[in-house]
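Because the structure is predicted, anything quoted here is derived from the model rather than measured. The first residue of the sequence shown is numbered 1, and numbering continues consecutively from there.
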Amino acid sequence: MSADQKTVKRVVTASVIGATIEWYDFFLYGVVAGLVFNKLYFPSDDPYVGTLLAYATFAVGFIARPLGGVVFGHFGDKIGRKSMLVLTLTIMGLSTMAIGLIPSYDSIGIWAPVLLLICRVFQGIGLGGEWGGAVLMAYEYAPADKRGLYASWPQVGLATGLCLASGVVALLSSLLSDAQFLAWGWRIGFLGSVLLVLVGMYIRLSVKESPEFEQVKQANAESRIPFLDMIKRYPGNILKGMGARFIDGVFFNIFGVFMISYLADHLNLTRTQALTGVMASAVVMCFTIPLFGALSDRLGRTRVYFWGALLTGLSSLPAFWLITTHSDNLMTVWLAIVIPFGILYASVYGPEAALFCELFDTKVRYTGISFVYQLSGIFAAGITPIISTALLQANGGRPWLIVAYTIVVGLISAISVATIAAPPPERQAGTKGSQAIRKARA
């Protein structure tokens with residue numbers, strides 16, 4: 001059951017657009033958390049405490065993501081990838097729009113942060129199911145020798161989603177006064193999400209089910225309980241994948257989330273200047289993510305990921321040194337963000353999707369990659385802004401403890417990925433290869 005090129009392109013396009021919308025919704029919260037939510041929903045005499053509380057709700061989204069990954073992974077492995085992707089997009093869009101409607105703490109008191117927390121949980125559940133499905137649709141439709149490239153395209157959704165979220169906030173910040181932005185301007189980005197969801201839903205509904213899953217379905221070979229099957233058969237791969245994911249989550253949230261408030265609050269850059277540096281990195285990433293995905297097809301997933309993890313972690317040292325010593329030179333600050341974040345980080349994130357897909361077989365793959373990616377996201381990504389803020393405070397506003405933490409994380413990920421063996425032929429060869437192998441064994 002081979003897919004023609006037109007169908008494959010439609011699937012990849014749907015995955016990229018859907019992933020862009022989901023990541024836009026998720027990271028819009030992260031961008032705004034340290035700028036608005038700490039003031040409107042967690043008022044405090046100590047700005048440090050307010051920021052920590054705002055980032056705590058940011059972390060809650062990551063805690064909810066494994067739940068979404070397991071639930072949607074279960075049904076994605078039993079019913080199908082496509083139907084789960086439609087449902088996750090709906091959940092994500094509605095919860096994001098609802099955030100834009102929540103009154104402030106001054107208006108409804110404690111219910112303001114409670115409602116914000118509930119919406120953030122639903123955002124996490126939606127994204128927890130979205131990532132695995134979007135990646136799988138591209139990976140399982142891809143030609144056998146281009147799976148790294150094709151699976152990297154949904155990863156571009158992270159970059160375009162971050163670019164869109166940062167760009168919207170930067171635009172609103174430049175057009176409105178601080179008072180206007182704080183009072184109502186930030187809500188526009190959340191309410192506008194509904195338009196993106198409608199576009200994404202239209203495109204996603206036109207896509208057919210993954211051919212590899214259709215084969216499993218036709219053979220009545222679905223796993224009865226995918227989660228238990230995954231735990232029983234792949235305990236080592238789960239731990240290795242989670243370790244490899246560590247540098248991805250930490251580095252992204254230091255440079256894509258924490259860096260914005262760090263530049264604005266500690267180095268006196270404007271909100272727009274800080275967001276522009278992150279947004280420029282996201283634009284560069286749109287090209288470097290598929291580049292490294294394709295490179296993993298030629299050189300191997302683990303080799304590209306190993307060196308990417310090491311270099312990405314080490315790059316935090318020159319990056320923070322340049323930022324702190326040349327904070328008066330805006331171009332230098334931007335380059336110190338764009339090079340490590342826009343280029344080096346992509347060497348990890350580009351091959352990551354195919355690397356994780358090859359840890360599991362088709363019957364538990366949705367559950368497997370979702371669980372690895374989302375559970376590790378709690379400690380690798382969700383609490384990173386909190387850890388970074390605490391390390392900055394502990395070191396008197398200097399970032400060197402953050403740098404040390406990032407370098408150690410890079411080493412952990414490199415060691416973890418070095419222990420991952422090459423996938424068996426069935427998962428390297430794709431649909432046609434799998435059929436040939438099964439016939440040869442029969």
Side-chain angles (χ1 to χ4, degrees), residues 1-20 76-77 80-82 85 131-160 203-204 206-219 221 286-305 308 346-366 368-369 373 420-441:
M1 188 186 296
S2 60
D4 60 71
Q5 195 66 19
K6 184 177 180 181
T7 301
V8 173
K9 288 181 179 178
R10 186 185 300 121
V11 168
V12 171
T13 300
S15 294
V16 173
I17 292 177
T20 296
D77 282 327
R81 284 60 161 128
K82 175 184 172 178
L85 288 174
W131 182 83
V135 163
L136 281 190
M137 289 294 283
Y139 177 86
E140 292 179 348
Y141 261 101
D145 60 342
K146 295 183 179 179
R147 287 190 149 180
L149 171 62
Y150 279 71
S152 72
W153 279 112
Q155 302 287 76
V156 174
L158 175 140
T160 52
I203 296 173
R204 189 160 275 182
S206 67
V207 172
K208 296 180 180 179
E209 184 55 81
S210 151
E212 283 197 25
F213 179 77
E214 283 292 340
Q215 287 185 3
V216 172
K217 195 79 172 174
Q218 290 171 10
C286 292
F287 300 94
T288 53
I289 286 175
L291 173 65
F292 283 106
L295 196 61
S296 76
D297 286 322
R298 297 177 63 85
L299 302 180
R301 319 271 186 248
T302 56
R303 182 181 298 177
V304 174
Y305 202 104
S347 66
V348 168
Y349 202 65
E352 183 179 70
L355 177 72
F356 288 178
C357 285
E358 288 163 0
L359 293 176
F360 307 95
D361 65 46
T362 307
K363 293 190 292 185
V364 298
R365 190 176 287 149
Y366 200 142
I369 66 171
Y373 189 85
I420 296 176
E426 292 95 326
R427 274 175 268 155
Q428 287 182 323
T431 302
K432 290 183 178 179
S434 299
Q435 291 175 327
I437 291 168
R438 283 196 294 272
K439 289 179 180 178
R441 289 177 177 172

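- Closest heavy-atom contact between Val12 and Ala138: CG2-CB, 4.5 Å.
- Val304 is not listed as a side-chain neighbour of Arg298, based on a closest heavy-atom distance of 4.5 Å or more.
- You'll find the side chain of Leu295 stays beyond 4.5 Å of the side chain of Pro351, heavy atoms only.
- Leu136 contributes atom CG, which lies 10.5 Å from atom CZ of Phe360 (distance to the nearest 0.5 angstrom).
- Shown here for Pro154 and Val16, the closest heavy-atom pair between the two residues is N-CG2, 4.1 Å.
- The side chain to side chain donor-acceptor pair (under 3.5 Å) search around Tyr305 returns Glu352, not counting sequence neighbours.
- For the pair Gly132 and Tyr366, the tightest heavy-atom approach, listed with the atom from each and the gap, is C-CE2, 4.0 Å.
- Residues meeting the ring pair (Phe, Tyr, Trp, His ring centres under 6.0 Å) test with Tyr349, sequence neighbours left out: Tyr345.
- Considering CD1 of Ile420 and CZ of Phe356, their distance stands at 7.0 Å, rounded to 0.5 Å.
- Here the closest heavy-atom approach between residue Met137 and residue Val11 is recorded as O-CG1, 3.5 Å.
- Listed by chain and residue number, Arg301 satisfy the side chain to side chain donor-acceptor pair (under 3.5 Å) test with Ser296 (two or more places apart in sequence, or in another chain).
- For Ala134 against Ser15, the heavy-atom pair with the smallest separation is O-OG, 3.2 Å.
- With sequence neighbours excluded, the residues that form a side chain to side chain donor-acceptor pair (under 3.5 Å) with Thr160 are Thr20.
- With sequence neighbours excluded, the residues forming a ring pair (Phe, Tyr, Trp, His ring centres under 6.0 Å) with Tyr373 are Trp131, listed by chain and number.
- Annotation for Asp297 and Gly148: closest pair OD1-N, 2.8 Å, computed over non-hydrogen atoms.
- Between Arg81 and Glu140 there is a salt bridge, since at least one side-chain N of the basic residue sits less than 4.0 Å from a carboxylate O of the acidic one.
- Among residues two or more places apart in sequence or in another chain, the side chain to side chain contact (heavy atoms under 4.5 Å, CB included) test is passed with Ala346 by Met285, Thr288, Ile289, Phe292.
- The CD1 atom of Ile17 sits 12.5 Å away from the CH2 atom of Trp153 when rounded to the nearest 0.5 Å.
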**OP:** Test salt bridge (charged side-chain N to carboxylate O under 4.0 Å, His left out) on Arg147 and Glu358 and set out the steps.
**Re:** CA-CA 10 Å; Arg147 287 190 149 180; Glu358 288 163 0; 6.0 Å; no
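- Between Thr302 and Leu355 there is a side-chain heavy-atom pair separated by less than 4.5 Å.
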